[in-house]
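Side-chain atoms are counted along with the backbone in the values below, which use heavy atoms only and exclude waters and symmetry mates.
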Protein chains: 2
Amino acid sequence: MIKSLGAKTLIYPVPVLGVGTYDRAGESNVVTASWGGICCSQPPCVAVSLRKATSSHANILAREAFTISIPSEEHVKQVDYFGLVSGRHAEKFSTAKLTPVKSKLVDAPYVKEFRLVLECKLVLVGEIGMHSQFVGEVIDAKADESIIGKGGAVDIKKLKPLVFTPDTQDYYGIGKYIAKVFSAGKGI
Amino acid sequence: MIKSLGAKTLIYPVPVLGVGTYDRAGESNVVTASWGGICCSQPPCVAVSLRKATSSHANILAREAFTISIPSEEHVKQVDYFGLVSGRHAEKFSTAKLTPVKSKLVDAPYVKEFRLVLECKLVLVGEIGMHSQFVGEVIDAKADESIIGKGGAVDIKKLKPLVFTPDTQDYYGIGKYIAKVFSAGKGI
């Protein structure tokens, strides 16, 4: 039996992303965002949405750049903390005992301890409502050697990214391998 | 040791979404998309990106509507098939033995057998490059009773959505509960 839940944003899974920026004084900031994802293959672009009230929103507009650092399960406390406090009132990196690294490619810092990083140049801003959507072109993706698997590709079972659940507001991990893309459906 | 992987779209996790539309003749179509996610809380909006070459791209522009039906692990063959063939050349629903249901709220069909559905009205189109990004306002979210857990919320462990891995092109499941959002970081 199907039931209406009302006008809710219920996509599963959604990611947990650490969005890195510099503020006006050049201080590193990082905020957690789950409203985001990949939005174009060529040029390679990702989207992340932030409320206008956040420091990070103004930082991205001013520097036209941001990074995305993807936390692993072991970073759940730190990335949750990044979403709890404002960059205006806390030196988030030092409080969380994490290290900002200045990108050589875009005007934004990333989180050294997170094992997958995207360095993004702002290419489009969509004003939707409570959130602005920032589309960034990925200038480079960087990964720690420890998450690289067969054929030089990122292995999700080594990265162990977090999954956010919009309706219950929990973090989950990644489960078992199920099937190969563009292959499982060939038998139909 | 951190390594450059080049300009790649490597967000983890990304979802597996069945995007439902009507074509010019009123036939139901559905295509698989993984470039998408939540993009605004108020109004509640989701984004999904499609290549201009797809039938679904033209359908969304013509009808200004689409649905998102979220497959469970058991639907992996069907949703993979939806990404393998063009709606121009196949009656995807009947071949996959799935049922299109006409939404009463927007001009698009959803997949009856998938347990979570969003009915979306097109509000914004972003031309990024190879993909156009369609932002849809969620007019209603519908869930099968079997995936509703405590407090009337969607339970990700009952839904069992698929995770897509961009670099290795695999499907994974959802793993273990890790922590509560806006709580795990309070100890820092």
Judged by atom type as modelled, is there a donor-acceptor pair below 3.5 Å linking the side chain of T21(A) to the main-chain atoms of F66(A)?
no
If you tally heavy-atom pairs under 4.5 Å against chain B, which of I68(A), D140(A), L50(A) wins?
D140(A)
So which part of A47(A) gets closer than 4.5 Å to some heavy atom of chain B, the side chain, the backbone, both or neither?
side chain
Let me check something: any side-chain donor-acceptor pairs from residues 145-154 of chain B under 3.5 Å, sequence neighbours excluded? List them with distances.
residue	atom	partner	partner atom	Å
S146(B)	OG	D144(B)	OD2	2.6

At a heavy-atom separation under 4.5 Å, does V14(A) approach chain B through its side chain, its backbone, both, or neither?
both
Counting only non-hydrogen atoms closer than 4.5 Å, can you tell me which residues of residues 98-122 of chain B sit against chain A?
Y110(B), L116(B), L118(B)
Quick one: does any side-chain atom of T32(A) pair with a main-chain N or O of V79(A) as donor and acceptor, under 3.5 Å?
yes
Where does Q133(A) contact chain B at under 4.5 Å (heavy atoms): side chain, backbone, both or neither?
side chain
Please confirm whether the backbone N or O of P71(B) pairs with a side-chain atom of K160(B), one donor and one acceptor, at under 3.5 Å?
no
Rounded to the nearest 0.5 Å, how far apart are NZ of K92(A) and CD1 of I188(B)?
11.5 Å
Please classify the contact of F164(A) with chain B as side chain, backbone, both or neither, using a heavy-atom distance under 4.5 Å.
side chain
So F134(B) and H57(B), would you call those rings parallel, tilted or perpendicular, with 30° and 60° as cut-offs?
perpendicular
Contact origin within L124(A) toward chain B - heavy atom pairs under 4.5 Å
side chain
Given that the side chain runs from C-beta out, which part of T165(A) has a heavy atom under 4.5 Å from chain B: side chain, backbone, both or neither?
side chain
Side chain / backbone / both / neither for L10(A) at chain B, heavy atoms under 4.5 Å:
both
